[in-house]
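To find a chain, count down the sequence lines: A is the first, B the second, and so on, and within it residues start at 1. Computed over heavy atoms, backbone and side chain alike; hydrogens, waters and symmetry mates excluded.
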Number of protein chains: 2
Amino acid sequence: MEDNEQRTGGINAVYSEMETLSRRAVARTRRMSAPLSFVEHSLLTFIGTTPGCRATDIAADFQLNRSTISRQLTTLGELGLVEYTPQENDAGRGRVLRLTERGRQLRERSVAAQRSVVTSRLKEWSEEDIAAFAAALGRFNAGPEG
Amino acid sequence: MEDNEQRTGGINAVYSEMETLSRRAVARTRRMSAPLSFVEHSLLTFIGTTPGCRATDIAADFQLNRSTISRQLTTLGELGLVEYTPQENDAGRGRVLRLTERGRQLRERSVAAQRSVVTSRLKEWSEEDIAAFAAALGRFNAGPEG
DNA sequence: GGTTAGTGTTGCATAATGCAACACATGTCC
DNA sequence: GGACATGTGTTGCATTATGCAACACTAACC
């Protein structure tokens with residue numbers, strides 16, 4: 001835990017850039033994911049990539065009230081994008097969510113549009129730089145809870 | 001623009017990790033920036049780091065309606081966090097915003113709390129890795145519009 | 001000076017969110 | 001097995017956030 005200046009400066013830079021990145025990502029989702037809102041898009045992604053997740057898990061991860069998630073899921077359910085998996089015997093409390101085929105398709109379309117923006121921003125990057133960047137992002141996301 | 005598989009895979013990974021990163025950043029801000037919302041926190045940061053910015057610039061960047069920004073700024077103004085700079089002769093249209101001393105302090109407190117989470121996640125990273133990560137994030141953010 | 005275009009504000013409607021209370025299901029303990 | 005505790009999802013109600021349209025005001029333009 002050597003707390004030298006260079007390390008602190010690097011951390012500050014990382015945080016600052018991440019705040020910019022996140023603000024722009026939210027704005028981009030607002031612009032490009034219509035008619036999905038940022039939270040709705042995040043719901044589809046989370047459900048699609050978190051097998052076995054329940055509404056309360058989402059609420060904890062998103063830091064939103066359970067009632068908010070419940071209502072959002074009701075909406076997505078009425079749109080035919082999300083559904084409850086049939087009850088299984090070994091299922092614990094709560095109900096397990098999953099995407100419908102339509103949900104997968106809609107999310108894939110939204111992702112493709114936003115990914116094109118990322119592709120454009122990485123236009124001048126070498127293959128190695130892209131791989132290193134992806135690895136660093138993955139390492140950060142997989143890191144210890146803070 | 002050689003479009004080989006490895007490059008595409010890297011870009012997909014970058015996008016996927018960024019979506020996770022942004023979702024968590026928004027959740028973290030919800031949890032740690034109280035009583036500031038994510039948008040309010042973003043407003044303070046944007047105004048603090050974008051000299052000469054006006055309400056309409058924020059609306060364009062955040063992809064939110066001007067009326068929404070106007071009301072949010074009214075609230076932040078009543079809280080004594082944001083103010084209009086006195087009219088200058090060479091000022092163009094609109095009114096230029098800036099943080100008050102209280103606004104700077106409140107934002108700094110909020111940033112410090114969130115930055116500690118980033119610090120914790122980078123605990124095992126070498127100084128060089130942190131510097132490289134910060135550089136890559138900066139390069140990405142500074143890249144061409146998409 | 002008159003016109004055009006950009007900026008910020010407000011009324012109204014809608015969507016998103018939180019809190020509290022509740023019903024229901026699951027787990028625990030005896 | 002039954003009583004109790006705990007977790008999950010839903011709904012009523014209030015508050016806040018957001019969008020759209022209309023407006024007033026101001027700066028730019030010819």
* Is it the case that one hydrophobic cluster holds both L36(B) and V118(B), taking links as side-chain heavy atoms less than 4.5 Å apart, direct or via other members? -> no
Under a 4.0 Å heavy-atom cutoff, the residues of residues 77-84 of chain A touching DNA chain C are none
Original post:
Any sub-3.5 Å donor-acceptor pair from R115(A)'s side-chain atoms to I11(B)'s backbone N or O?
Top reply: no
- Between the side chain of T68(A) and the main-chain N/O of L64(A), is any donor-acceptor distance below 3.5 Å? no
Taken to the nearest whole Å, CD1/I69(A) to C1'/dG18(C) is 12 Å
Result for 5'-nearest mapping on DNA chain C, choosing between L73(B) and S37(A), is L73(B)
To the nearest angstrom, the CZ-C1' distance between R31(A) and dT18(D) comes to 18 Å
Taking dT18(D), dA16(C), dT11(D) as options, the one with an atom nearest any side-chain atom of S70(A) is dT11(D)
**Asked** Does Q72(B) make a side-chain N or O approach to OP1 or OP2 of dT18(D) shorter than 4.0 Å?
**Response** yes
Contact check, residues 50-64 of chain B vs DNA chain C, heavy-atom distance under 4.0 Å, returns R54(B), A55(B), T56(B)
Against the side chain of R93(B), the closest entry in dA25(C), dT17(C), dA5(C) is dA5(C)
Restricting to nitrogen or oxygen on both sides, can you table the protein-nucleotides 20-25 of chain D pairs closer than 3.5 Å?
unit_1	atom_1	unit_2	atom_2	d
dC20(D)	N4	S67(B)	OG	2.9

| Does the T85(B) side chain pair with the main chain of V96(B), one donor and one acceptor, at a distance under 3.5 Å? | yes
One should read off an interatomic distance between M18(A) CE and R23(A) CZ, to the nearest 0.5 angstrom, of 15.0 Å
**Message:** Any carboxylate oxygen within less than 4.0 angstrom of a Lys/Arg side-chain nitrogen, looking at D61(B) and R24(A)?
**Reply:** no
Distance-only, no hydrogens or angles: does the E40(B) side chain make a donor-acceptor pair with backbone N or O of S37(B) under 3.5 Å? yes
For the side chain of R66(A) and the backbone of T56(A), is there at least one donor-acceptor N/O pair under 3.5 Å apart?
-> no
A55(B) and I69(B) have their tightest heavy-atom pair at O-CG2, 3.8 Å
Rounded to whole Å, the CZ-C1' distance (R30(A) to dA17(D)) equals 10 Å
Side-chain (T50(A)) to main-chain (I47(A)) donor-acceptor, under 3.5 angstrom = no
Here the gap from I58(A) atom CD1 to Q63(A) atom CD, rounded to the nearest 0.5 Å, amounts to 13.5 Å
